[in-house]
Amino acid sequence: MPTVYDSVLINTPVSSPLHPQANLPLLKGFLAAHGFQAKVIDSNIQFFHYLLGDLDTNEVRLNIDQCFENPIRILNYYNAIEKRLWEKSKQFEGFDISLRSVSLKYDRTRFDSVVASLGDRASNPFVAFYEGLIADQIMPLQPKIVGIAITFQDQIISAFTLASLLREKMPGTVIVMGGQIVTRCYNTMLGHAKLCSYFDYLALWDGENTMLDIHRRVIRGEDIPLVNIAAAGAATFTVDRKKNAPGVAEIPSPDFSDIEFDKYLYPEMLVPLQTTRGCYGTCEFCAIPFGSNYYRVRKVDEVIRDILTIQEQTQKRYGRKATYFKFMEDTSSPALLLALSREIVARKIDAKWETFARLEKAFTEPGVMKQLFEGGCRKVHWGLESNDPSVLKNMNKKTETSYSDQVLALAARAGILNFCFILVGFPGETDEARHNMARYIIENRNIHTITLATFDLTRGSPMEQRFVADNAYGMEMVPAADFQVRLPYLIQGENWKKKIIEMAHTMMYEVVKHRPDIGFMTLFPDQIRSVYCEKFGNGWGEVFLKRYGEENIKFMLENTGKYIEAYKQKKEIDPSLLPEPLRREHFRTKEDLELIASALVARKKYEERRSDQV
């Protein structure tokens with residue numbers, strides 16, 4: 001007898017096709033524990049296979065032994081996929097997709113534009129894709145509820161394309177939307193009547209309790225209060241961020257039974273897990289903490305149980321157990337990581353992992369980083385941002401360069417790969433501070449790779465939520481509209497974003513020029529870096545550069561130089577020529593500058609009106 005499902009939970013394109021997301025398996029596990037059956041569909045990975053078509057089997061999946069035999073082969077593998085995606089993109093007007101980003105003819109940040117995209121088959125490839133998926137995979141299950149996750153802006157148009165088709169083909173189904181984008185934009189979403197016609201409920205912040213309450217009301221008919229749930233068309237609803245979220249003991253174990261790990265475009269099984277929920281930081285520029293109810297740290301034995309369960313299930317299903325885990329969380333707890341590492345060693349568990357962490361003094365305690373490595377840690381994403389004390393103070397990072405340097409040195413010495421997030425252009429940052437930061441990266445051999453981003457005024461960040469007109473930076477802000485999460489802003493009446501983008505380009509060029517190993521490592525997908533660290537050590541970027549990568553870096557430098565010059569002269573460059581990290585940033589930068597340009601026009605019109613009034 002076929003399983004009867006109460007709901008279908010769908011992850012939409014585009015996010016990384018290299019591994020599944022943790023969100024929906026967590027929801028599935030939580031709902032099952034409360035008596036509801038949910039089916040998870042990762043339509044993101046299905047969409048990539050739909051676009052790529054009948055690639056040769058060896059192109060679709062590269063095994064890890066092939067990568068170890070020739071480490072550079074994985075670049076050829078992903079380049080071939082990127083090329084195929086680029087060719088497929090040309091079938092649709094204004095469409096461009098890569099392994100980590102998507103760009104469409106329509107503006108994903110504007111409600112009217114999103115609505116206009118939904119029926120445009122010539123420009124929106126998700127229409128035909130979801131028509132087939134609904135007919136083949138959703139309608140046969142006849143779920144009462146369909147949950148649609150919107151974690152990233154890249155998922156907005158695909159999510160609403162799916163919702164509009166569900167309304168047409170399954171009009172009795174209750175549609176629930178949730179995720180980071182919904183949580184940050186619900187207040188504007190509810191003001192757009194047409195947009196509201198595509199959903200019944202918005203689930204805010206952590207999804208477990210909110211989805212459970214919707215199931216209880218819709219399926220069991222229970223008359224229960226709805227907290228952090230906004231019904232489309234409701235005049236009022238209750239929002240309390242600190243309530244209706246799972247406590248630390250209630251954070252579920254993920255259920256990956258619907259996930260087909262062998263479908264992902266990655267030579268290993270990379271399993272997302274959570275050891276914490278939320279972030280305890282209050283960095284001025286960062287909206288990540290706003291996306292969760294509050295910070296919680298799971299118990300070590302629960303994390304160990306999840307690892308062992310997943311390894312048993314993958315061994316049974318695929319004939320080999322998963323050994324690589326990515327802790328998909330906002331900020332790890334140093335104490336938990338240490339305790340987890342000790343337990344992994346004590347129980348002789350074969351598990352390697354990577355995580356996201358703040359540069360805390362706790363990591364400098366004797367033997368901590370060595371213990372983390374012995375317990376499976378192979379890469380840490382550190383929120384370095386800047387090495388300037390005044391900038392760090394203004395950011396409210398609450399970290400100090402004295403022990404940040406020590407943490408990076410101890411981690412590198414232990415064998416861990418250090419990935420550092422760098423933020424360029426926080427208001428008040430000087431040219432000297434940026435120059436010093438570039439020198440710091442170049443001279444600090446304990447930094448193995450970086451992501452360099454430019455400052456955004458982000459919806460949900462402390463800086464945006466506490467914004468006052470009379471601020472220390474002379475910043476002007478245009479309030480968030482529609483799906484905007486990076487808001488238009490000016491500093492001292494100047495287009496600060498345009499200025500710092502040029503500086504960030506120059507900084508990255510200088511870093512790659514003097515540290516080609518960093519540039520070389522940025523060419524590799526982030527997910528493979530920890531696997532190569534396990535096999536070849538954390539200095540593999542420098543080793544492989546000498547052996548394989550000089551031509552790659554030469555190409556990267558040439559095209560980066562062309563891009564910088566074209567940007568300064570406001571000329572276009574063929575995005576297909578750009579290395580992937582720069583290509584992804586190209587489309588995001590273009591979108592941001594268009595928003596700021598519109599803000600400048602609006603400001604000029606306002607000043608003209610004021611002048612006329614005077």
Side-chain angles (χ1 to χ4, degrees), residues 7 9 23-24 26-27 30-31 34 109 111 145-153 155-156 159-160 163 174-218 222-248 250-252 277-282 286-296 330 457-468 477 479-487:
S7 58
L9 310 174
N23 53 351
L24 301 186
L26 286 166
L27 274 182
F30 188 83
L31 291 171
H34 290 82
T109 69
F111 292 159
I145 299 170
V146 172
I148 302 174
I150 313 179
T151 307
F152 312 108
Q153 281 186 308
Q155 296 174 305
I156 291 171
F160 276 90
V174 172
I175 298 174
V176 183
M177 290 185 168
Q180 277 269 357
I181 295 300
V182 170
T183 296
R184 289 160 74 176
C185 302
Y186 75 90
N187 56 339
T188 50
M189 291 174 70
L190 293 169
H192 194 278
K194 185 61 177 176
L195 205 71
C196 287
S197 70
Y198 299 121
F199 60 82
D200 296 287
Y201 296 103
L202 299 180
L204 312 180
W205 291 291
D206 294 5
E208 287 90 349
N209 285 7
T210 52
M211 281 297 284
L212 175 60
D213 288 348
I214 292 169
H215 278 66
R216 290 171 62 190
R217 175 171 282 201
V218 171
E222 297 181 35
D223 184 16
I224 57 172
L226 299 181
V227 179
N228 297 334
I229 298 168
T236 61
F237 53 94
T238 303
V239 173
D240 189 336
R241 181 179 167 193
K242 298 299 182 183
K243 292 184 178 179
N244 208 28
V248 64
E250 298 173 303
I251 294 176
R277 180 75 66 87
C279 178
Y280 59 86
T282 54
C286 186
I288 287 175
F290 182 78
S292 186
N293 298 77
Y294 56 93
Y295 189 64
R296 285 140 291 174
D330 301 327
L457 182 58
T458 311
R459 189 174 188 169
S461 68
M463 212 167 188
E464 182 261 345
Q465 293 206 302
R466 297 197 297 258
F467 182 84
V468 293
M477 178 188 78
D482 298 6
F483 280 124
Q484 290 178 351
V485 294
R486 298 187 305 277
L487 309 184

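Keep in mind that the numbers below use all heavy atoms, side chains included, and drop hydrogens, waters and symmetry copies.
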Revision key, fill the gap. Rounding to 0.5 Å, atoms CD1 (I148) and CG (L9) come to a distance of 10.5 Å

Check your understanding: What is the distance from atom CG of L226 to atom CZ of F237, rounded to the nearest 0.5 Å?
Key -> 11.5 Å

Study note, to complete from the structure: Residues S461 and A287: closest non-hydrogen pair is N-CB, 3.7 Å

Exercise for review: For R216, check salt bridge (charged side-chain N to carboxylate O under 4.0 Å, His left out) against everything at least two apart and list the hits.
Suggested key: D213, E222

Point to revise | Close side-chain approach of V176 to T210, heavy-atom, < 4.5 Å | key: no

Practice item. Search all heavy atoms of K243 against all heavy atoms of N293 and return the closest pair with its distance. Key: O-ND2, 3.6 Å

Practice item. Using a 4.5 Å cut-off on heavy atoms from C-beta on, say whether the side chain of F111 contacts that of T188. Key: yes

Check your understanding: salt bridge (charged side-chain N to carboxylate O under 4.0 Å, His left out): which pairs involve residues 184-200, sequence neighbours left out?
Key -> R167-D200

Exercise for review: Using the test side chain to side chain donor-acceptor pair (under 3.5 Å), find all partners of S292 that sit at least two apart in sequence or belong to another chain.
Suggested key: D206, R296

Check your understanding: Are V239 and Y186 close enough that some pair of their side-chain heavy atoms sits under 4.5 Å apart?
Key -> yes

Exercise for review: To the nearest 0.5 Å, tell me how far L204 CG sits from D240 CG.
Suggested key: 11.5 Å

Check your understanding: Sub-3.5 Å donor-acceptor pair from the side chain of R241 to the main-chain atoms of W205, do we have one?
Key -> no

Study note, to complete from the structure: Separation between CD (Q153) and SG (C185), nearest 0.5 Å, reads 7.5 Å

Study note, to complete from the structure: In terms of heavy-atom contacts, A149 and N23 come closest through CB-ND2, 3.6 Å

Review point. Is M211 close to F30 at the side-chain level, that is, under 4.5 Å between some pair of heavy atoms?
Key: no

**Study point:** Heavy-atom closest pair, residues A163 and I175
**Key:** O-CD1, 3.7 Å

Point to revise | Beyond-backbone contact of V218 with Y201, side-chain heavy atoms, under 4.5 angstrom | key: yes

Review point. If every non-hydrogen atom of P252 is compared with every non-hydrogen atom of R277, which pair is closest and at what distance?
Key: CD-NH2, 4.2 Å

Point to revise | Pair L190-F199, side-chain contact (heavy atoms from CB on, under 4.5 Å): steps then yes or no | key: CA-CA 10 Å; L190 293 169; F199 60 82; 4.2 Å; yes

Exercise for review: Starting from the C-alpha separation in whole Å, work towards a yes-or-no answer on side-chain contact (heavy atoms from CB on, under 4.5 Å) for Y295 and D330.
Suggested key: CA-CA 9 Å; Y295 189 64; D330 301 327; over 6 Å; no

Review point. Could you state the interatomic distance from NZ (K242) to CG (N228), rounded to the nearest 0.5 Å?
Key: 11.5 Å

**Study point:** Close side-chain approach of S7 and L31, heavy atoms under 4.5 Å
**Key:** yes

Practice item. Starting at CD of E208, measure out to CG of L27 and round the result to the nearest 0.5 Å. Key: 5.5 Å

**Study point:** Q484 side-chain N/O to A480 backbone N/O, donor-acceptor pair under 3.5 Å
**Key:** no

Review point. Can you check whether R217 reaches V174 side chain to side chain, under 4.5 Å on heavy atoms?
Key: no

Exercise for review: Compare all side-chain heavy atoms of E464 with those of F290 and state whether any distance is below 4.5 angstrom.
Suggested key: no

